[in-house]
Trainee: 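Take a look at the following structure, please.
Naming: A, B, ... by sequence-line order, numbering from 1 per chain.
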There are 2 protein chains.
Amino acid sequence: MGRGKIPIRRIENPTSRQVTFSKRSNGLLKKAKELAILCDAEVGLVTERYNKVKEECRQLVNPTADVKFWQGEAARMRQQLQYLQQSHRQLFGEELSGLNVKDLQKLENQLETSLKNVRINKGNHIVQENKELQKKVTLLHQEKSDLQKKVLT
Amino acid sequence: MGRGKIPIRRIENPTSRQVTFSKRSNGLLKKAKELAILCDAEVGLVTERYNKVKEECRQLVNPTADVKFWQGEAARMRQQLQYLQQSHRQLFGEELSGLNVKDLQKLENQLETSLKNVRINKGNHIVQENKELQKKVTLLHQEKSDLQKKVLT
DNA sequence: AACACTATTCTTAGTAC
DNA sequence: CGTACTAAGAATAGTGT
């Protein structure tokens with residue numbers, strides 16, 4: 001989709017993350033609008049704020065406005081927290097009463113994907129650890145035989 | 001973007017409109033998800049109206065003190081959010097780089113348990129639905145045979 | 001930061017099942 | 001309602017300004 005393929009995982013470099021956010025946001029918005037027009041649908045796209053907003057740079061010049069700002073921030077985050085906590089419980093398979101069969105199927109698929117990823121990752125870790133242990137074994141063997149030679153002389 | 005270019009205007013044919021909606025919705029969802037992961041942002045597709053926060057209507061008594069209060073609230077919740085989001089990504093099997101083999105094993109076990117719970121729950125749902133459908137079938141059979149009797153007399 | 005370029009990858013319209 | 005295929009076309013990662 002560009003000069004090279006990039007893996008879908010958090011972009012660590014803040015600059016490219018910002019650039020990608022900007023570019024892809026535009027693309028997403030365009031597609032959402034198209035869908036809305038093409039299919040006569042109410043498609044709302046909420047890019048609920050990029051996490052690294054420049055709120056830290058905000059000056060405390062207008063206390064009254066700032067109260068509103070921070071109240072908004074608090075409210076937004078409280079909502080997100082509630083959503084995440086709910087989602088968490090569902091991911092733990094704990095509070096599933098509000099879900100229908102289709103939702104449950106989606107959740108099941110998500111969990112299967114997650115499980116697969118975790119297993120792949122674990123596998124890689126173990127392979128890596130094995131390699132390092134193998135190196136150590138080889139090294140120790142070498143040292144041992146060196147010492148034995150010294151002892152025999 | 002396909003076998004031919006289509007103009008961005010309402011698709012009149014209801015069938016192709018539905019098909020396009022389905023296809024493009026999936027695409028949009030995928031891209032939204034990718035953006036969320038890539039840029040660590042909250043990207044949501046919403047169909048409902050955004051609820052206005054009640055707290056914005058709150059009367060401001062002591063703006064200067066309130067700023068500090070709400071800043072504190074926001075900071076506290078931001079911390080919680082970050083923790084939850086991190087945990088969330090791990091549950092999705094997305095950001096596992098910080099975990100060792102033992103942690104990964106724990107996560108794997110958790111996901112297996114969750115998956116089991118979700119499957120049990122889904123199974124129960126389907127059984128319940130089946131029972132209700134069975135009832136309906138029986139009832140309709142009864143009504144049908146009653147009607148047939150009436151017709152024959 | 002915001003735009004231009006472009007090779008490469010991704011999406012999707014049309015089609016068939 | 002899906003799913004699969006394919007070619008046409010769109011999006012975009014990396015780069016430069």
Trainee: On DNA chain D, which is the earliest and which the latest nucleotide, 5' to 3', with an atom closer than 4.0 Å to a heavy atom of chain B?
Mentor: D/dC1 to D/dT12
Trainee: Could you tell me the separation between the CG atom of A/Leu35 and the P atom of C/dA13, rounded to a whole number of Å?
Mentor: 10 Å
Trainee: Send over the distance from B/Arg24 CZ to C/dT12 P, rounded to a whole Å.
Mentor: 6 Å
Trainee: Ignoring the backbone of B/Lys31, work out which of C/dC10, C/dT6, C/dA13 is nearest its side chain.
Mentor: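 Closest of the options to the side chain of B/Lys31: C/dC10.
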Trainee: Hey, are B/Gln134 and B/Thr138 close enough side-chain-wise for a donor-acceptor pair under 3.5 Å?
Mentor: no
Trainee: With DNA chain C as reference, determine whether B/Thr20 or A/Thr15 sits nearer its 5' end, using the nearest nucleotide of each.
Mentor: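 In this pair, the answer is A/Thr15.
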Trainee: Distance-only, no hydrogens or angles: does the A/Arg89 side chain make a donor-acceptor pair with backbone N or O of A/Glu94 under 3.5 Å?
Mentor: no
Trainee: Is it true that the side chains of A/Asn124 and A/Gln128 contain a donor and an acceptor less than 3.5 Å apart?
Mentor: no
Trainee: For B/Ser22 and B/Gln18, indicate whether the former's side chain and the latter's backbone hold a donor-acceptor pair under 3.5 Å.
Mentor: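 Not confirmed, B/Ser22 side chain does not pair with B/Gln18 backbone.
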Trainee: Hey, is the main chain of A/Ile37 close enough, under 3.5 Å, to the side chain of B/Arg9 for a donor-acceptor pair?
Mentor: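 Checking the backbone N and O of A/Ile37 against the side chain of B/Arg9, no donor-acceptor pair under 3.5 Å is found.
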Trainee: Within the 4.0 Å heavy-atom criterion, would you say A/Lys23 contacts the bases, only the backbone, or no part of the nucleic acid?
Mentor: base
Trainee: On DNA chain D, check which nucleotide each of A/Asn26 and A/Lys102 is closest to and give me the residue with the more 5' one.
Mentor: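 Residue closer to the 5' terminus by nearest nucleotide: A/Lys102.
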Trainee: For B/Phe21 and C/dT12, what is the distance between atoms CZ and P respectively, to the nearest whole Å?
Mentor: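 Distance, rounded to whole Å: 13 Å.
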Trainee: How far does SG of B/Cys39 sit from CD of B/Glu34, to the nearest 0.5 angstrom?
Mentor: 10.5 Å
